[in-house]
Amino acid sequence: MRSAPLLAVAARSLATAGSPPPRLRRLATLDGSRRTRVIRAAVSGGDPALPTTVVVKAHLNPTDVATQVREPAALDLLTRAGSRLTPRLLGLGERPPFVVLEDLGVDLPDVAGALLGSDAPSARASVVRWAHSLGTLHASTSGWSPRMTASLALHADRLGQAVPAVDDMPAALDRAADAWAQLVGPLRINVDARALDQIREIDALLGGGVDVRALTPSDACPDNNLLRDHGMVLLDFEGAQVRHMAWDVAYLRVPWPSCWCCWALPPEVADAGVGAWQSAVLSTTPYVGTPGFAHDVDLAVAGWAVVSVAWFLEGALRGKQDMDRRTPARRAVLLNRLHQLVAVADQRLSAVQDVAAQLLSLLRGRWGDQVLPLAPALRRQ
């Protein structure tokens, strides 16, 4: 969709009672992929209370149904709750599905930029700020499954789409189990039914009850945030859901399982991030300070390792590598995550760990024992 028609329909969504629609003028295209169009636009006319600039994000892939529903459902809830942890939702529409968001500004730093830079203290501080903001989001949305379920239903109905699951992790693990059977089995490694069942059951092993399940952007990557005066603001809620907090805390331990910028973190940096996250959550959810939750994080690390194999193994076997200097080699990522899976101390994962150990040995034999490097900024401490 071209910019002018999108901005015209987005402007109409900002009309208020007693005020005509404003005019939106494109300042910059922030993303022009086949999936989304993201435009920063100047606002003139209309309600005097409107900001002077906004960001319009349109979802262009008609088959990408869940993201079209999840993002407005989450941002609607957070905006109504007065959250400062995400951009405010200002308007939305249906054809194409779009949201109009608060413009947070240009040239603001993010965690990815800090990790790829040369200032180790700045990189460590950015990770800690990110973790604290994520913890604040979790603390403020603990037990929000009923709210998110209702919001998903509301926005699915508005868009004429199916209602996505409030928690997609069980389905993600089910997809991963299918992928392990298809990808690992042909390598002459026996992937028996018990191993596949253990993959599917990882989320069910996590403890703490409903209070330890909270709203998450899901894809909480180092570039999906911006640092403002009051702290990190979290971006990209296309995968928003309510799930166990351990899945997000494990982003510091894996690290960054769904992200391109998935360099290793020194243990002390990961520990500082977990501590900052915990300080934001502990008063509302005491379970996160228990050994049970610490083990839940280990299980989530194992879960992300399983999912990573499902995502990346086929390409890595074909020789596909991420050669961009900003991205670690895919083979090193896979070897690192398989090692983490094998290292988790839990007999309930013994069958899938046995398969992972065989796969790790086979891949090391083919690729050598590749080490996942530290993030560039943290190599010179």
Side-chain angles (χ1 to χ4, degrees), residues 27-33 36 38-42 51-57 71 75 78 83-89 99 101-138 140 216-240 248-249 251-266 268-277 279-280 322 324-328 373-381:
L27 296 175
T29 298
L30 307 179
D31 177 27
S33 68
T36 58
V38 183
I39 300 171
R40 186 169 184 259
T52 57
T53 60
V54 296
V55 171
V56 180
K57 179 178 182 179
E71 188 156 52
L75 293 174
L78 291 165
S83 175
R84 301 185 70 198
L85 296 165
T86 60
R88 288 183 297 126
L89 178 65
V99 291
L101 304 173
E102 172 188 13
D103 180 21
L104 300 178
V106 295
D107 299 326
L108 294 175
D110 60 27
V111 177
L115 292 174
L116 293 171
S118 58
D119 186 339
S122 176
R124 288 195 298 268
S126 292
V127 170
V128 169
R129 291 191 189 104
W130 171 85
H132 190 270
S133 291
L134 186 64
T136 304
L137 175 68
H138 287 163
S140 64
T216 170
S218 183
D219 189 19
C221 290
D223 58 335
N224 284 337
N225 52 77
L226 294 173
L227 179 60
R228 304 190 80 191
D229 292 341
H230 64 276
M232 285 285 179
V233 178
L234 305 174
L235 308 177
D236 192 352
F237 278 70
E238 292 182 7
D248 282 356
V249 180
Y251 264 57
L252 292 162
R253 300 290 191 202
V254 175
W256 320 115
S258 63
C259 314
W260 57 267
C261 188
C262 54
W263 305 97
L265 294 177
E268 63 273 15
V269 174
D271 289 346
V274 173
W277 175 86
S279 71
D322 295 309
D324 188 319
R325 72 167 189 87
R326 304 181 309 160
T327 304
L374 292 172
L378 300 173
R379 297 172 195 171
R380 299 175 290 274
Q381 300 189 66

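The model shown is predicted, which means the values in this text are computed figures rather than measured ones.
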Query raised in the report: Taking atom CG of Leu226 and atom CG of Asp107, what is their separation to the nearest 0.5 Å?
Result: 10.5 Å
Query raised in the report: Are Tyr251 and Trp277 close enough that some pair of their side-chain heavy atoms sits under 4.5 Å apart?
Result: no
**Report entry** Side-chain donor or acceptor of Trp263 paired with backbone N/O of Arg326 under 3.5 Å
**Finding:** yes
Query raised in the report: Does the Cys259 SG fall under 2.5 Å from that of Cys221?
Result: yes
Query raised in the report: Does Arg88 pair with Asp103 as a salt bridge, N-O distance under 4.0 Å?
Result: no
**Report entry** Closest approach of Pro87 to Leu101 (non-hydrogen atoms, all atoms of both residues)
**Finding:** CB-CB, 4.2 Å
Report summary line: Of all heavy-atom pairs linking Trp130 and Asp248, the shortest is CH2-O, 4.4 Å
Query raised in the report: Taking C-beta and beyond as the side chain, do Val111 and Val127 meet within less than 4.5 Å on heavy atoms?
Result: yes
Query raised in the report: Does Pro51 reach the side chain of Glu102, with side-chain heavy atoms less than 4.5 Å apart?
Result: no
Query raised in the report: Under a 4.5 Å cut-off applied to non-hydrogen side-chain atoms, are Asp110 and Met232 in contact?
Result: no
Query - Heavy-atom check, side chain of His132 versus side chain of Ser279, under 4.5 Å - result: yes
**Report entry** Pairwise distance CG(Asn224) to SG(Cys261) - rounded to 0.5 angstrom
**Finding:** 11.0 Å
**Report entry** Thr53 and Arg40, any side-chain heavy atoms less than 4.5 Å apart
**Finding:** yes
Query raised in the report: Under a 4.5 Å cut-off applied to non-hydrogen side-chain atoms, are Leu235 and Thr86 in contact?
Result: no
Query raised in the report: Should the heavy atoms of other residues, nucleotides or ligands under 6.0 Å from CZ of Arg228 be counted, would the total exceed 12?
Result: yes
Query - Criterion side-chain contact (heavy atoms from CB on, under 4.5 Å) against Arg124, the qualifying member of Leu115, Leu265, Leu378 - result: Leu378
Query raised in the report: Can you name the nearest heavy-atom pair linking Trp256 to Pro222, along with the distance?
Result: CD2-CG, 3.5 Å
Requested in this report: Test side-chain contact (heavy atoms from CB on, under 4.5 Å) on Arg253 and Asp271 and set out the steps.
Outcome: CA-CA 9 Å; Arg253 300 290 191 202; Asp271 289 346; 2.6 Å; yes
Query raised in the report: Does a side-chain heavy-atom distance below 4.5 Å link Leu137 with Pro217?
Result: yes
Report summary line: Shortest non-hydrogen pair, Phe237 vs Leu78, comes out as CE2-CD1, 3.9 Å
Query raised in the report: Looking only at atom types and distance, does a side-chain atom of Asp236 sit under 3.5 Å from a main-chain N or O of Glu238, one as donor and one as acceptor?
Result: yes
Report summary line: To the nearest 0.5 Å, atom OG of Ser218 lies from atom CD of Glu71 at 11.5 Å
Query raised in the report: If you take all heavy atoms of Thr36 and Lys57, which pair is closest and at what distance?
Result: CG2-CE, 4.1 Å
Query raised in the report: Looking only at heavy atoms, what is the nearest atom pair of Ala114 and Ser126, with distance?
Result: CB-OG, 3.4 Å
